Amino acid sequence: MFSNSRNFVIQGGTFQIVNASGGYNENGSGGSGGLDILHRHIATGAMHDSAERSNAPTCHPDTRIAVLNDIMGWVEDEHRETDILWLHGPAGAGKTSICQTLAEMCQEKGELAATFFFARGAPGRDNDRSLVPTIAYQIAHSFEASRDYISTSVLKDPLQIFAKSLPTQMRQLVIQPLKQAIADITGPYPKLLIIDGLDECQPEDSQENILRVIYNTLKNRSLPLCILLASRKEPHIRDAFEGDLHEFTYPIALDDKYNPDQDIATYLRSSFALSCENIETTAQWRLYLCHGRPNLLFIHSWPKHRVNLYTLRRSSDSWMYVTNLPAKDSP
């Protein structure tokens, strides 16, 4: 850098060094420079633990036990016969809550490689442009052995890699660095990739392209990860999973098999109990402040059993309904 130069001083600034092979170093370093560049192209809000998703829904305690156990059993099965689990159900079935809960569980166990939560209308989360960079960036942090390989891969082509096709990005930023990192270790490594809300990625062609990339990597046995993918059962997504992806897929439908009524009833009982406790506390304090004594005749049995049954019938197995209950829906 600055060969044959003399008698001048440069203060501050960031230097970009392009070598003869087209490689690129930032600040003269290949260790983290690539990750700094990668970070500029990620969708931070798509990660399960991002600030944008700080209030993301999770499964209520004592609910979804069966489906969570089924999925965790698949994740932890070293001899699993399928590499992708397709979790599908209608809007409001609880797919995102399940994925969020699993992400937190698997991160605690050191089994989570990366997550991407699509969201229609959310910048960076409603298309596929940031998908691979965001996945690669998380893997570089969840699997330390891959960090330098991913950084180096970015530095080889920093000006063009993010404009290349999805298959090329997947190969250069995820698959090849992962294989190199795995060859360096003897123990386990984080294997789970979670992609939620595929049907919210726009345009629709992008959804098919993502599934095509997954199929090609699985077909060539080149993806050292297992994938949990959640979506609605849209016709083109269903056709892909029942067609080319069929032999690689373990499908889980959020239907009556998992008894959603029982889980929703559990949620309602808990939520109404908490509401009753808050109402009672507020009422007791108001009476105490006004009259100097609590109201010992406060009714503890609200809501009546019929209210729970009414709400359960209205929900039609939809978590979206019960978690957004307006006051006017009370009978």
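These numbers were taken from a predicted model, which means no experiment stands behind them. Numbers for residues simply follow the sequence, beginning at 1.
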*Heavy-atom neighbours of H236 NE2 exceed 12 at 6.0 Å*: yes

*asked:* Minimum heavy-atom separation for T63 and L68, please, with both atom names.
replied: O-CD1, 4.2 Å

*Knowing that exactly one of Q138, Q107, E104 qualifies, which makes a side-chain hydrogen bond (donor to acceptor under 3.5 Å, both in side chains) with H48?*
Q107

_Using side-chain contact (heavy atoms from CB on, under 4.5 Å), reason through L228 and C99 one step at a time and then give a plain yes or no._
CA-CA 8 Å; L228 165 59; C99 286; 4.2 Å; yes

*Count the heavy atoms belonging to other residues, nucleotides or ligands that lie under 6.0 Å from CD of E144, then report whether that count exceeds 12.*
no

*Passes side-chain contact (heavy atoms from CB on, under 4.5 Å), L131 versus F118? Steps please.*
CA-CA 9 Å; L131 176 63; F118 284 107; 4.2 Å; yes

_Quick one, R171 with S222, criterion side-chain contact (heavy atoms from CB on, under 4.5 Å). Give me CA distance, side-chain angles, the key distance, then yes/no._
CA-CA 9 Å; R171 183 174 63 255; S222 58; over 6 Å; no

*Near R238 CZ, under 6.0 Å, is it more than 12 heavy atoms from other residues, nucleotides or ligands?*
yes

_Using every non-hydrogen atom in the two residues, find where S231 and W86 come nearest and quote the distance to one decimal._
OG-NE1, 3.0 Å

*Does Y149 belong to the same Ile/Leu/Val/Met/Phe/Trp/Tyr cluster as L225, with side-chain heavy atoms less than 4.5 Å apart forming each link?*
no

*Who passes ring-ring contact (aromatic ring centres under 6.0 Å, His included) against H141, sequence neighbours left out?*
Y137

*Is a side-chain N or O of S146 found less than 3.5 angstrom from the main chain of L178, in a donor-acceptor match?*
no

*Donor-acceptor under 3.5 Å (R120 side chain, D199 main chain)*: yes

*Evaluate the ring planes of W74 and Y250, with Trp represented by its six-membered ring, and classify them as parallel (under 30°), tilted (30 to 60°) or perpendicular (over 60°).*
tilted

_Taking side chain to side chain contact (heavy atoms under 4.5 Å, CB included) as the definition, give me every residue that meets it alongside P123, ordered by chain and number, with sequence neighbours left out._
none

_Does any part of the side chain of C201, heavy atoms only, come nearer than 4.5 Å to the side chain of I210, both counted from C-beta?_
yes

*Is I237 close to H88 at the side-chain level, that is, under 4.5 Å between some pair of heavy atoms?*
no

_Donor-acceptor pair, side chain of N220 and main chain of N216, under 3.5 angstrom_ = yes

*For L155 and G33, which heavy atoms make the closest approach, and how far apart are they?*
CD2-C, 4.1 Å

*Over-ring placement of R53 relative to F117, 6.0 Å and 45° cut-offs*: yes

*With no hydrogens and no angle check, is any side-chain donor or acceptor of K95 less than 3.5 Å from a backbone partner on G89?*
yes

*asked:* In the structure I gave you, are the side-chain heavy atoms of Q207 and L211 within less than 4.5 Å of one another anywhere?
replied: no

*Less than 4.5 Å apart, any side-chain heavy atom of V75 and any of L102?*
no

_Are the side chains of T217 and V174 in contact, using a 4.5 Å heavy-atom criterion?_
no

*asked:* Restricting to salt bridge (Lys or Arg N to Asp or Glu O under 4.0 Å), what partner residues turn up for D83, sequence neighbours left out?
replied: R221

*Residue pair I42 / S130, side-chain heavy-atom distance below 4.5 Å*: no

*Is a side-chain donor or acceptor of N209 paired with a backbone partner of D205 at a separation under 3.5 angstrom?*
no

*Ignoring hydrogens and geometry, is there a side-chain-to-backbone donor-acceptor pair from E111 to C106 under 3.5 Å?*
no

*Where the side chain of S97 meets the backbone of C59, is there a donor-acceptor pair that is under 3.5 Å apart?*
no

_S54 side chain to A51 backbone, donor-acceptor under 3.5 Å_ = yes

_My understanding is that only residues two or more places apart in sequence, or in another chain, count here; which of them pass salt bridge (Lys or Arg N to Asp or Glu O under 4.0 Å) with E242?_
none

*F143 vs K191, side-chain contact (heavy atoms from CB on, under 4.5 Å): CA-CA, chis, key distance, verdict*: CA-CA 9 Å; F143 183 22; K191 291 186 176 71; over 6 Å; no

*asked:* Test of understanding: with salt bridge (Lys or Arg N to Asp or Glu O under 4.0 Å), list the residues that count as partners of D128, not counting sequence neighbours.
replied: none

*Does a side-chain heavy-atom distance below 4.5 Å link I252 with L87?*
yes

*asked:* Let me confirm one number: the CD1-CD1 distance from I214 to I84, rounded to the nearest 0.5 Å.
replied: 4.5 Å

*For the residue pair Q172 and I161, establish whether any side-chain heavy-atom pair is separated by less than 4.5 Å.*
yes

*Please answer whether the main-chain N or O of A43 pairs with a side-chain N or O of T134 as donor and acceptor at a distance below 3.5 Å.*
yes

*Pairing residues for E52 by the salt bridge (Lys or Arg N to Asp or Glu O under 4.0 Å) criterion, not counting sequence neighbours*: R125

*Which atom of S151 lies closest to which atom of L35, heavy atoms considered*: OG-N, 3.8 Å

